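First up is the structure itself, then whatever we jot down about it.
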Amino acid sequence: MTEEIIISTIKKNGLYFAVGVSNSTNKIVKISLPKSDEEEVISAILKQYPDFIISDEYNDLAWKISDIYEGKEVNIDLEMFDLRTDKSNRELPLKSHFMKIVLLETCKIPHGKVETYKNIAKKIDSQAYRAVGTALAKNPFPLIIPCHRVVKSDYSIGKYGGGSEMKKKLLKNEGVKIKGNNVVKK
DNA sequence: TCGATGGCTTGTA
DNA sequence: CTACAAGCCATCG
């Protein structure tokens, strides 16, 4: 059977949130960062998964994601995500084992805390801090896997898929002190 | 397969 | 403080 993606979208405070779930595995395959245009959040998912159905089936999940966006601490079971990797299948959400362990390590960063790209690399026993950045850039589950909590070694904010302004906002919302373009160390 | 390309880091000025 | 170069390593075409 061909894989279809069930997409649920919600609107909150003028922003659209979207989540994509595979109907063959029942696992989440993609989360979009919020946008003010509904078609844009949806097409962010369609780039990878053109075969889709719109449904409100996963609206609850989308609401939870919007809560995280606002800085709330929300626990979501990683079991709900498609975390498979397979070199011969480039269609999977995670493209490599390296990417997987980077994302899992990123999940360990507590709400309201930050970690550096270099330190993430160190924790997974790697020197590839630059590749940590590129792996996080491809994080299919932003907000849930808190790549916004990873900053540069000098504690400047670093880049973000939704722009560094959004990254700063997310961190501020969860209580991280920001001054200018830097996280204030405690 | 191999060069180009990054959500990076460090050193130098 | 800013700017830039060189080094780095996984990924992509």
Side-chain angles (χ1 to χ4, degrees), chain A residues 15-20 28-36 40-41 43-50 65-66 68-71 74 76 78 81-186:
Chain A
L15 288 175
Y16 289 91
F17 294 79
V19 51
I28 304 163
V29 295
K30 179 76 179 171
I31 286 168
S32 309
L33 288 171
K35 297 192 193 312
S36 51
E40 269 188 55
V41 270
S43 65
I45 297 179
L46 300 189
K47 271 195 302 181
Q48 271 180 78
Y49 305 99
I65 291 163
S66 71
I68 298 173
Y69 181 76
E70 292 169 352
V74 177
I76 295 186
L78 281 182
F81 295 82
D82 188 349
L83 298 176
R84 292 173 296 159
T85 61
D86 178 355
K87 272 189 186 142
S88 62
N89 185 354
R90 304 293 297 165
E91 305 306 308
L92 293 176
L94 306 195
K95 303 303 178 194
S96 67
H97 178 68
F98 179 81
M99 183 174 176
K100 177 171 179 167
I101 59 177
V102 167
L103 294 182
L104 290 178
E105 192 61 42
T106 302
C107 286
K108 297 181 186 170
I109 308 169
H111 184 269
K113 304 272 183 169
V114 297
E115 188 53 276
T116 65
Y117 294 101
K118 187 177 187 182
N119 218 9
I120 293 282
K122 189 179 169 191
K123 287 184 174 201
I124 62 172
D125 218 17
S126 166
Q127 308 289 349
Y129 42 81
R130 183 150 196 188
V132 166
T134 43
L136 289 177
K138 291 173 191 155
N139 176 13
F141 313 121
L143 301 173
I144 301 275
I145 294 181
C147 52
H148 58 282
R149 295 185 191 138
V150 187
V151 300
K152 293 192 172 195
S153 282
D154 62 359
Y155 281 77
S156 62
I157 203 76
K159 297 195 185 179
Y160 190 64
S164 47
E165 286 308 311
M166 184 185 287
K167 189 170 181 176
K168 281 197 258 188
K169 181 169 177 281
L170 289 167
L171 291 174
K172 281 182 189 170
N173 285 348
E174 40 185 83
V176 177
K177 294 270 181 256
I178 309 273
K179 187 175 179 184
N181 204 41
N182 291 73
V183 168
V184 179
K185 287 194 269 187
K186 288 195 276 287

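Everything numeric in this text was worked out from a predicted model, so none of it was measured. Throughout, a chain's letter reflects where its sequence line sits, starting with A, and its residues are numbered from 1.
- Rounded to whole angstrom, the span from the CE atom of Met99(A) across to the C1' atom of dG6(B) amounts to 14 Å.
- Of all the heavy atoms in Leu33(A) and Gly161(A), the pair that sits closest is CD1-C, 4.0 Å.
- Regarding Asp154(A), its CG atom lies at a distance of 13 Å from the P atom of dG11(B), rounded to whole Å.
- Residue Phe98(A) is in sugar-phosphate contact alone, with no base atom involved, counting any heavy-atom pair closer than 4.0 Å across all strands shown.
- Distance check: Ser66(A) OG to Tyr16(A) OH gives 14.0 Å after rounding to the nearest 0.5 Å.
- The minimum heavy-atom distance between Arg84(A) and Leu92(A), with the atom names listed, is NH2-CD2, 3.4 Å.
- Nearer the 5' end of DNA chain C, as judged by each residue's closest nucleotide, is the contact made by Tyr129(A), out of Thr134(A) and Tyr129(A).
- Summarising the geometry, the separation between NZ on Lys179(A) and P on dC1(C) is reported as 10 Å, rounded to the nearest angstrom.
- Screening Leu15(A), Val74(A), Asn173(A) for a side chain to side chain contact (heavy atoms under 4.5 Å, CB included) involving Tyr69(A) leaves a single residue, Leu15(A).
- Applying side-chain hydrogen bond (donor to acceptor under 3.5 Å, both in side chains) to Asn119(A) and the options Lys123(A), Glu115(A), Lys122(A) leaves one that passes, Glu115(A).
- Atom CG of Asp86(A) and atom C1' of dT11(C) are 16 Å apart (whole Å).
- Closest approach of Asp154(A) to Asn182(A), counting heavy atoms only: O-ND2, 3.5 Å.
- Atom CG in Leu33(A) sits about 14 Å away from atom P in dG7(B), given to the nearest Å.
- If you check dA10(C), dG7(B), dT9(B) against the side chain of Ser153(A), the one that comes closest is dT9(B).
- Residues of residues 112-128 of chain A that place a heavy atom closer than 4.0 Å to DNA chain C, in numerical order, are Gln127(A), Ala128(A).
- Counting only heavy atoms from C-beta outward, the side chains of Gln48(A) and Glu91(A) never approach each other to under 4.5 Å.
- The two atoms that bring Leu78(A) and Leu83(A) nearest to each other are O-CD1, 4.1 Å, heavy atoms only.
- Picking from dC8(C), dG7(B), dT9(B) the nucleotide with the shortest atom distance to the side chain of Arg130(A) gives dC8(C).
- The number of heavy-atom neighbours closer than 6.0 Å to NZ of Lys95(A), taken from other residues, nucleotides and ligands shown, is above 12.
- Between the CG atom of Leu170(A) and the C1' atom of dG7(B) there is a distance of 14 Å, rounded to whole Å.
- Atom CG of Asn182(A) and atom P of dT9(B) are 12 Å apart (whole Å).
- Both key distances under 3.5 Å define a Watson-Crick or G-U pair, and stretches of 3 or more such consecutive pairs in DNA chain B run B:2-6 with C:9-13, B:8-13 with C:2-7.
- With rounding to whole Å, Leu103(A) atom CG is found 16 Å from dA10(C) atom P.
- Backbone-only contact: Lys138(A) has heavy atoms under 4.0 Å from sugar-phosphate atoms and none from a base.
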